[in-house]
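Report on one structure; see the data block that follows.
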Amino acid sequence: MKNLLALTLLLGVAANGAAAACYADYKAKQDSPLRLHYGVAEISGDCTVANAEAQLQDRLAQGGWQLLNVLDTFDDSGLEEREASAGEFYLRY
């Protein structure tokens, strides 16, 4: 019984860690006329800059934007402090 309880707790902790939210902040541009923006987006899967770049290139292109770079990836703890800076591009893409 103790082993079953320990296994259940271990699986629960692993599931919560795997489901942690991931966000990325990035810079993007449009040409003709030149427009730049800073934004924050939620990322699925691995919380890495490479994964964020792959996802954001497609998302931004659909809106007519070109990804310049991903600055960082972070969890919920870094989300609120970036909201004002991202403005209309906060969780838009």
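Keep in mind that what you see is a predicted model, and the values were worked out from it rather than measured.
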Would you compute the distance between atom CG of Asn69 and atom CG of Leu67 and round it to the nearest 0.5 angstrom?
7.0 Å
Could you tell me which non-hydrogen atom of Ile43 sits nearest to which non-hydrogen atom of Leu56, and how far apart they are?
CD1-CG, 4.2 Å
Roughly how far apart are Lys27 NZ and Phe89 CZ, rounded to 0.5 Å?
14.5 Å
Examine distances only and state if a side-chain atom of Glu42 and a backbone atom of Ala21 form a donor-acceptor pair shorter than 3.5 Å.
no
At their closest point, which heavy atom of Ala86 faces which heavy atom of Gly39, and how far apart are they?
CB-CA, 4.1 Å
Among side-chain atoms of Asp75 and Ser77, is any donor-acceptor pair under 3.5 angstrom?
yes
Can you measure from CG (Asp31) to CZ (Arg35) and round to the nearest 0.5 angstrom?
11.5 Å
Can you label the angle between the His37 ring and the Tyr93 ring as parallel, tilted or perpendicular, going by 30° and 60°?
parallel
Distance check, rounded to the nearest 0.5 Å: Leu36 atom CG versus Lys29 atom NZ?
8.0 Å
At what distance, to the nearest 0.5 angstrom, does CD of Gln66 lie from CG of Leu68?
6.0 Å
Donor on one side chain, acceptor on other, Gln55 and Asn51, under 3.5 Å:
yes
So do Val49 and Glu53 actually touch side chain to side chain, heavy atoms under 4.5 Å?
yes
Given the ring of Tyr38, does Arg82 sit roughly above its face, with NZ or CZ under 6.0 Å from the centre of the six-membered ring and within 45° of the axis?
no
Which atoms form the tightest heavy-atom contact between Arg59 and Ala41, and what is the distance?
NH1-CB, 3.9 Å
Exercise: identify the closest heavy-atom pair between Tyr26 and Val40
CE2-N, 3.6 Å
Would you name the heavy atoms of Thr73 and Cys47 that are closest together and state the gap between them?
OG1-O, 3.3 Å
CD/Glu81: more than 12 non-hydrogen atoms of other groups inside 6.0 Å:
yes
Inter-residue atom distance Phe74.CZ - Cys22.SG, 0.5 Å rounding:
8.0 Å
